[in-house]
Amino acid sequence: MDDPFEIDEFAASPEMRLQDAPAPDYLANLNAEQREAVETLDGPLLVLAGAGTGKTRVLTTRLAHLLETKGQTERLHPQQILAVTFTNRAAKEMQERVAHALGRPVEGWWLGTFHSLAARLLRRHAELVGLQSNFTILDSDDQVRLLKQIMDAEQIDQKKWPAKQLMGIIQRWKDKGLSPERVNESVEFANGGAKYLYKIYQERLAVLNAADFGDLLLHCLTLFQKHPEILRRYQETFRYVLVDEYQDTNVAQYLWLRALAMVHRNICCVGDDDQAIYSWRGAEVGNILRFESDFPGAKVVRLEQNYRSTPHILAAASKLITFNDGRLGKELWTELDTGEKVFVKGVWDGEAEARLVGEDIEALQSKGVGASHMAILVRAGFQTREFEERLITLGIPYRVVGGPRFYERQEIRDALAYIRMVAQPDDSLAFERIVNVPKRGVGKATLQTLHQYSRDQAVSLPAAALDLIGTEELKPKMRQAIGGLLGDFKRWREMLETTSHVAVLETVLDESGYTDMWRTSKEIDAPGRLENLKELVSAIGEFENLTSFLEHVSLVMENEQNADQEKVTIMTLHAAKGLEFDYVFLPGWEEGVFPHQRAMDESGVKGLEEERRLAYVGITRARKRATVSYAANRRIYNQWQSALPSRFVDELPDEHVERISDTGLGNHRGNVSPGAWGADDWMKMPSWADNKPAESYNPYGGTGERRFASAGWQDRVRKNVIDVKPDGETSYTTSSKSSKYKVGDAVRHRKFGPGTVKAVDGNKLEIHFEGVGTKKVVDSFILPG
DNA sequence: CGCCCTACTGTGTGG
DNA sequence: CAGTAGGGCG
């Protein structure tokens with residue numbers, strides 16, 4: 001493999017110029033020193049900014065200036081920059097803006113989300129943490145399915161302890177940078193069950209050559225810890241580190257960043273403590289508060305001039321957020337004209353609310369406002385439905401961000417499972433998904449036998465299948481069906497060596513009978529599914545290899561609808577972070593919904609304050625008008641429930657708000673359902689207060705020399721994911737245990753009864769059973785006589 | 001083994 | 001009201 005640290009001789013084009021520096025007025029209220037710091041400072045820099053003050057523009061400005069100034073004077077190469085954003089969309093936007101500012105495209109730098117950057121890094125060194133470079137990245141569905149299988153085997157009652165919820169606990173441990181061993185050391189409370197499952201789960205992932213989202217960072221941390229020389233080289237490589245939305249980094253991300261930034265210490269973080277809305281997935285506002293002690297001598301720049309919202313909107317949001325304690329505190333100001341007050345509207349029920357929003361949108365459209373300038377921001381995903389229905393009725397085009405995705409459709413997931421099996425032979429979850437699709441007569445009983453063997457031998461499901469088809473544990477029909485399928489996969493893998501992956505995918509879908517399955521299907525949407533499959537085939541062509549395509553799907557892929565069309569955006573408040581719209585609708589401001597009951601049940605005042613920050617984020621998305629609304633009645637599970645207006649409604653200052661109520665109702669206390677989770681001790685989340693993995697983990701070393709070899713990096717940066725090595729012979733991770741039985745031993749089999757061992761071949765035995773005859777069976781299904 | 005019918009449960013935010 | 005897990009039957 002090529003040396004990942006190699007960087008080509010840098011050839012800067014002398015005519016490179018900042019064409020149109022991104023919005024310089026975003027830095028206008030800084031003094032010359034601060035401004036210079038933002039643009040070119042060497043050394044730690046923290047930009048504290050409020051909502052709508054142009055945080056991200058600042059990062060973009062800095063990037064553009066670094067590339068131009070340092071690029072020429074100090075031969076700073078794009079590949080020596082690590083820039084972390086919160087979403088892939090933000091990364092894309094930054095890429096485009098910098099390209100625009102410099103008047104040329106910039107490529108090769110490490111720009112993306114934590115997950116995508118960590119995955120890129122990890123692929124290069126996967127062997128060192130017990131994975132192969134073509135490891136699968138599991139989505140949350142697969143994570144839960146895997147845990148369910150483990151719990152089935154361990155005979156844990158999943159009614160009492162749902163796998164989904166346990167998965168949440170494990171993920172939060174990962175967010176805190178805690179591997180199974182570290183959980184054992186540092187989590188003191190009685191949660192032995194979850195700890196035990198975490199350990200088994202992690203062992204199983206290694207067998208399957210798979211990583212979940214949390215692993216991408218966690219394995220990096222392990223790598224840095226065990227291989228300081230590798231960490232050192234990355235520390236030397238990354239001369240500048242830039243981080244957006246720093247208030248929402250979790251412990252694992254913090255450790256990752258700190259480790260990488262520690263040599264050059266040119267780390268620039270941008271954040272706003274009032275917009276910390278991800279503590280539920282392990283984010284620590286403490287990271288931003290600790291910045292100055294982590295990086296002594298750090299320069300701090302404050303941005304307080306708001307360039308986005310009208311004074312009324314800004315004042316309403318600012319007042320609301322003052323109800324939180326323990327803020328860093330800031331005074332936002334604006335030079336914009338007064339504008340409209342924030343509207344607060346009370347309505348009778350959810351339907352009336354949707355109607356109201358629909359009418360407002362129509363009124364705006366008739367005044368010539370484009371639909372793309374309007375957004376409906378909801379607290380929870382399911383709330384989008386009533387608005388979608390209303391907008392469909394009115395014929396208003398809309399798009400739901402984070403809604404059902406192309407890659408979540410059944411036919412696409414099936415096809416992806418086939419690709420996964422080709423790319424990574426040990427992918428048990430993919431194997432399980434497609435082993436009987438189209439129907440091959442493989443049912444529960446067969447699958448159970450495979451599962452048992454794969455657990456006992458600690459091999460993947462397909463490897464187990466490969467072993468068992470050589471024995472008589474399975475019925476002849478099954479042996480043929482599964483054997484045929486495994487043979488097909490072997491052939492398809494070999495085909496990759498000589499054929500393009502696009503052609504291979506087409507072959508796979510054809511020869512497996514998958515396309516035929518839909519072609520002959522009588523379902524109404526079968527033709528549409530075939531269309532989708534065609535789309536998938538064309539999408540894969542844009543990627544270097546199967547692994548990079550699969551990584552793109554699991555980490556980057558967004559629903560790319562024709563963005564050029566004018567559409568109203570519907571999305572959750574969380575997804576709206578960092579965005580802005582002229583007109584923003586904020587429905588569902590009712591106690592129990594927003595603030596959400598469970599946030600308060602689980603985290604008390606802290607939970608409430610996070611909900612309030614979410615409300616703050618919501619209001620400050622608006623440039624020209626924010627419309628808050630609440631309904632007095634709502635139908636939940638076909639049951640009518642009445643609700644009180646959110647306390648946040650009361651906390652908005654009268655002088656900046658125009659209150660309109662349809663009904664004057666909504667003041668009788670409703671029985672807002674609390675949603676009873678986790679009363680059981682076993683399930684309780686640990687208290688993290690005393691748990692400080694950050695302090696005890698010290699992954700960074702000293703400084704070192706810089707050394708850069710020269711080679712064609714341009715070719716390499718695009719394919720940062722390693723090619724799949726099609727290798728039918730050695731591709732399965734198999735266990736080569738030998739049997740504890742020897743010829744002549746008296747043994748017993750579940751199905752065949754008592755018998756005598758006649759021959760031994762590894763863990764495969766030939767046994768003569770009385771009245772049954774001689775059978776080939778596997779060691780692990782045999783009991784001593 | 002696979003299909004169909006019934007009973008139950010769910011919906012908090014994301015990569 | 002959905003969607004699905006699990007049981008029973010062909």
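What you see is a predicted model, and the numbers here were worked out from it, not measured in a lab. Lettering of chains follows the sequences in order, A, B, ..., and the numbering in each one begins at 1.
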Short side-chain donor-acceptor distance under 3.5 Å, A:Gln424 and A:Asn209: yes
Flag if over 12 foreign heavy atoms under 6.0 Å of CZ, A:Arg327: yes
Integer-rounded Å distance: B:dG15 P and A:Asp212 CG: 16 Å
Proximal nucleotide (of B:dG15, B:dG12, B:dG14) relative to the A:Thr572 side chain: B:dG14
Sugar-phosphate only, base, or nothing, as touched by A:Thr87 at under 4.0 Å among non-hydrogen atoms: sugar-phosphate
Gap between atoms CZ and P, on A:Arg172 and B:dG15 respectively (whole Å): 17 Å
Summary of protein contacts for nucleotides 1-7 of chain B, nucleotide by nucleotide, where a base hit scores B, a sugar-phosphate-only hit scores S (4.0 Å, heavy atoms): SSS----
Whole angstrom value for the distance that separates P of C:dC1 from CZ of A:Phe382: 18 Å
Euclidean distance, atom CD of residue A:Gln165 to atom P of B:dG12 [Å, nearest integer]: 11 Å
Under the side-chain hydrogen bond (donor to acceptor under 3.5 Å, both in side chains) test, residues paired with A:Arg355 that sit two or more places apart: none
cation_pi(A:Arg612, A:Phe648) dist<6.0 Å, angle<=45: no
Aromatic ring pairing A:Trp280/A:Tyr278, orientation class (parallel under 30°, perpendicular over 60°, tilted between): tilted
Exercise: do A:Glu93 and A:Gln95 side chains pair donor with acceptor under 3.5 Å: no
Partner set under salt bridge (Lys or Arg N to Asp or Glu O under 4.0 Å) for A:Arg379, not counting sequence neighbours: A:Glu611
Nearest-nucleotide pick for A:Arg379, side chain only, options being B:dG14, B:dG15, B:dG12: B:dG12
5′-ward residue of the pair A:Arg385/A:Lys148 relative to DNA chain C: A:Arg385
Touch class at under 4.0 angstrom, heavy-atom based, for A:His596 against every strand present: sugar-phosphate
Sugar-phosphate only, base, or nothing, as touched by A:Gln143 at under 4.0 Å among non-hydrogen atoms: nothing
Whole-Å distance separating the CD atom of A:Gln597 from the P atom of B:dG10: 17 Å
Sugar-phosphate only, base, or nothing, as touched by A:Tyr278 at under 4.0 Å among non-hydrogen atoms: sugar-phosphate
Interatomic distance where CG belongs to A:Asp152 and C1' belongs to C:dG6 [whole Å]: 13 Å
Rounded interatomic separation in angstrom, taking CG from A:Asn88 and C1' from B:dG15: 8 Å
Side chain of A:Ala380 - closest among B:dG12, B:dG15, B:dG14: B:dG12
Gap between atoms CG and P, on A:Asp175 and B:dG14 respectively (whole Å): 14 Å
